[in-house]
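Read through the structure below, which is laid out as structure tokens, and then see the notes.
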Amino acid sequence: AQPPVGSIVGPDELADLYRPPSRLVAEKKVTTLNETTVAFLAASPFALIGTVGVDGSVDVSPRGGPPGFIRALDDRYVAIPDLNGNNRLDSLQNVVATGEVALLVHIPGLGETPRVNGEADITADLDMDMPNMKFTFKDNEATINQLVLGFDGWLAMPADDIDMDI
């Protein structure tokens, strides 16, 4: 089947429609987590985790908690607890199947959103409750993205004293 008339069919055709990125933007990817990104992760109450299934399907799931629920274990590893949700396990099944993940971190009121892309695995200490299960991102790319995310509504946090209107 032919793409619809006017469809952009190649990377060069797409690039021709945009100005080149600035040097700062072009060089923003790093392979380790720097102090700024680690501090941002620690302060964030909300993130989106994108995963890819074996069949190429994608899933994006929200994760929230008190600031500090996302932890940098070192300059290459990030841990995120998995709290009770709808138990569909889409993201977790995708991580087990392919290990491909992307994390977009948000702090309400700020215009920067770090992204961490890479591979992940899932660890669980079977002597602990399931909320102690966590994603561990490895072989990361971290970026600071100048994207302002707009939210309308409430982000429910696991404790009454940290609900926030976004």
Side-chain angles (χ1 to χ4, degrees), residues 15 18-52 58-85 90-125 127-166:
Y18 291 86
R19 62 179 164 69
S22 69
R23 184 180 59 80
L24 179 66
V25 170
E27 296 174 0
K28 71 180 182 176
K29 284 189 178 181
V30 295
T31 57
T32 58
L33 302 171
N34 60 32
E35 289 180 25
T36 302
T37 303
V38 169
F40 201 108
L41 293 173
S44 175
F46 181 73
L48 297 168
I49 297 177
T51 60
V52 179
V58 295
D59 179 70
V60 177
S61 295
R63 294 292 190 268
F69 87 102
I70 302 172
R71 293 182 302 122
L73 302 177
D74 58 29
D75 68 349
R76 295 183 58 84
Y77 290 85
V78 175
I80 302 171
D82 185 52
L83 303 174
N84 283 334
D90 298 321
S91 295
L92 299 175
Q93 289 173 342
N94 288 347
V95 169
V96 169
T98 69
E100 294 182 45
V101 295
L103 176 68
L104 178 73
V105 182
H106 181 64
I107 297 176
L110 294 183
E112 294 182 323
T113 54
R115 293 177 289 161
V116 179
N117 302 315
E119 296 178 358
D121 55 30
I122 297 175
T123 61
D125 183 337
D127 292 331
M128 296 182 170
D129 294 331
M130 287 306 288
N132 295 309
M133 190 166 78
K134 62 184 182 292
F135 289 95
T136 303
F137 288 77
K138 55 188 179 182
D139 298 326
N140 302 307
E141 287 181 352
T143 63
I144 299 292
N145 186 15
Q146 296 287 336
L147 172 66
V148 177
L149 293 179
F151 289 90
D152 182 17
W154 281 88
L155 173 64
M157 305 304 271
D160 290 339
D161 62 333
I162 54 175
D163 281 352
M164 62 183 68
D165 186 7
I166 51 175

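For clarity, every value in this text was computed on a predicted model and none was experimentally measured. Side chains included, hydrogens not; waters and symmetry mates left out as well; all remaining heavy atoms used.
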**OP:** Determine whether the side chains of T32 and N34 contain a donor N or O and an acceptor N or O closer than 3.5 Å.
**Re:** no
Original post:
Is the side chain of T113 donor-acceptor paired with the backbone N or O of L104 at a distance under 3.5 Å, no angle test?
Top reply: no
Original post:
Got P45 and P66 here, is their nearest side-chain heavy-atom distance under 4.5 Å?
Top reply: no
Original post:
Hey, are the side chains of P62 and F46 touching, using non-hydrogen atoms and a 4.5 Å cut-off?
Top reply: yes
Subject >> From OG1 (T37) to CD (E112), nearest 0.5 Å >> reply: 9.5 Å
**OP:** Go through I70 and V78 one step at a time and tell me if the side-chain contact (heavy atoms from CB on, under 4.5 Å) criterion holds.
**Re:** CA-CA 7 Å; I70 302 172; V78 175; 3.5 Å; yes
Original post:
So which heavy atom on P67 is nearest to which on A43, and how close?
Top reply: CB-O, 3.5 Å
Original post:
Is T98 reaching over with its side chain to a backbone N or O of N94, donor-acceptor style, under 3.5 angstrom?
Top reply: yes
Original post:
After noting the C-alpha distance and the side-chain angles of L103 and L48, does the key distance pass the side-chain contact (heavy atoms from CB on, under 4.5 Å) rule?
Top reply: CA-CA 6 Å; L103 176 68; L48 297 168; over 6 Å; no
**OP:** State, with a plain yes or no, whether a side-chain heavy atom of V101 is found less than 4.5 Å away from one of N117.
**Re:** no
**OP:** May I ask you to test the I49-V60 pair for a side-chain heavy-atom distance under 4.5 Å?
**Re:** no
**OP:** Return the set of residues passing side-chain hydrogen bond (donor to acceptor under 3.5 Å, both in side chains) with R23 (not counting sequence neighbours), or none when no residue passes.
**Re:** E27
Original post:
Which heavy atom of S91 sits nearest a heavy atom of T51, and at what distance?
Top reply: CA-OG1, 3.6 Å
Original post:
Can you check whether F69's main-chain N or O pairs, donor with acceptor, with R63's side chain at less than 3.5 Å?
Top reply: no
